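Okay, structure first, notes after.
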Amino acid sequence: MTPDPALLSLNVATVRAQWSLEQAIDGCARHGIGWIAPWRDKLAECGVARAAQLIRARGLKVSSLCRGGMFPAADAAGRRAALDDNRRAVDEAAAIGALCLVLVVGGLPPGSKDLAGARAQVKDGIAALLERARAARMPLAIEPLHPMYAADRACVNTLSQANDLCDALGGGVGIAVDVYHVWWDRELAAQIARAGRRILGFHLCDWLVPTTDLLLDRGMMGDGVIDIPAIRRLVEAAGYVGPREVEIFSQNNWWKRDPDEVLRVIKERYAAAC
Ligand code: ZN
């Protein structure tokens, strides 16, 4: 079964080097892509109210806002500042009608080697944020990141860990499954099944061999080694029926191309390789 084209979403990071949010909104409309996922820096540049109005005017829907998180800090003031910023992120996500706020939870505070402590801070941070998120009816989507990011981006590194957090934190929090971060996991099938209706987002790209940059060398679907259709079947079997976000950080390839070409290739590959 081919993936439903009506569920395709453009994560704006995929064209972040070339386009403003407004240009990305217009691009999606022009290419018949019905969903979009802004990042907060581009959203701030555009203005939240104006972005909400442009998105509505073009008939788009918002699969997620990227991103909240980055909870751990060296001291209480840092943790408070992170929480305040996350509350603003919840409000922004609600203002643009996002289905969820993606959380890249943060890694070790500067100078720290206390990974268990960072993980405890993440749990406390999400727990503290949940009050605002529940009031705003804005689901929080914990995105487990590949373990190579444990130090600097996210100390939640597996679906098992994300599921455990969801078990501990209760309603209002779920999981974003990004194929780039979870494809290697021996427990992938079991943990996607365990996540079930907690799955709030599904992110697509590919793992290139070799990968030349830890962050900025993601591949277009079909150019790497991830069995994307197999993972899609798993999330669908778990009950996920929502949008599929294409999210590609690619400083030497896709960020250098004509963004209209990038969107054309995304649509082709989504149909052929997802
Ligand atoms: Zn992602």
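Whatever order the structure lists them in is the order used to number ligands and atoms, beginning at 1. Keep in mind that what you see is a predicted model, and the values were worked out from it rather than measured.
Summarising the geometry, atom CD1 belonging to Ile142 is positioned 11.0 Å from atom NZ belonging to Lys123; distances are rounded to the nearest 0.5 Å. Rounding to the nearest 0.5 Å gives a distance of 11.5 Å between CZ of Arg50 and CG of Leu43.
Other members of the hydrophobic cluster containing Leu108, listed by chain and number, are Leu115; membership follows side-chain contacts under 4.5 Å among ILVMFWY residues, whether direct or relayed.
With Tyr180 as the aromatic partner, Arg218 meets the cation-pi criteria of under 6.0 angstrom to the ring centre and within 45 degrees of the ring axis.
Using a distance-only test at 3.5 Å, with no hydrogens or angles considered, a donor-acceptor pair links the side chain of His146 to the main chain of Met148.
If you count the protein N, O or S atoms nearer to the Zn ion (ligand 1) than 2.8 Å, you get 4.
The aromatic rings of Trp207 and Trp183 sit tilted relative to each other, their planes meeting at an angle between 30° and 60°.
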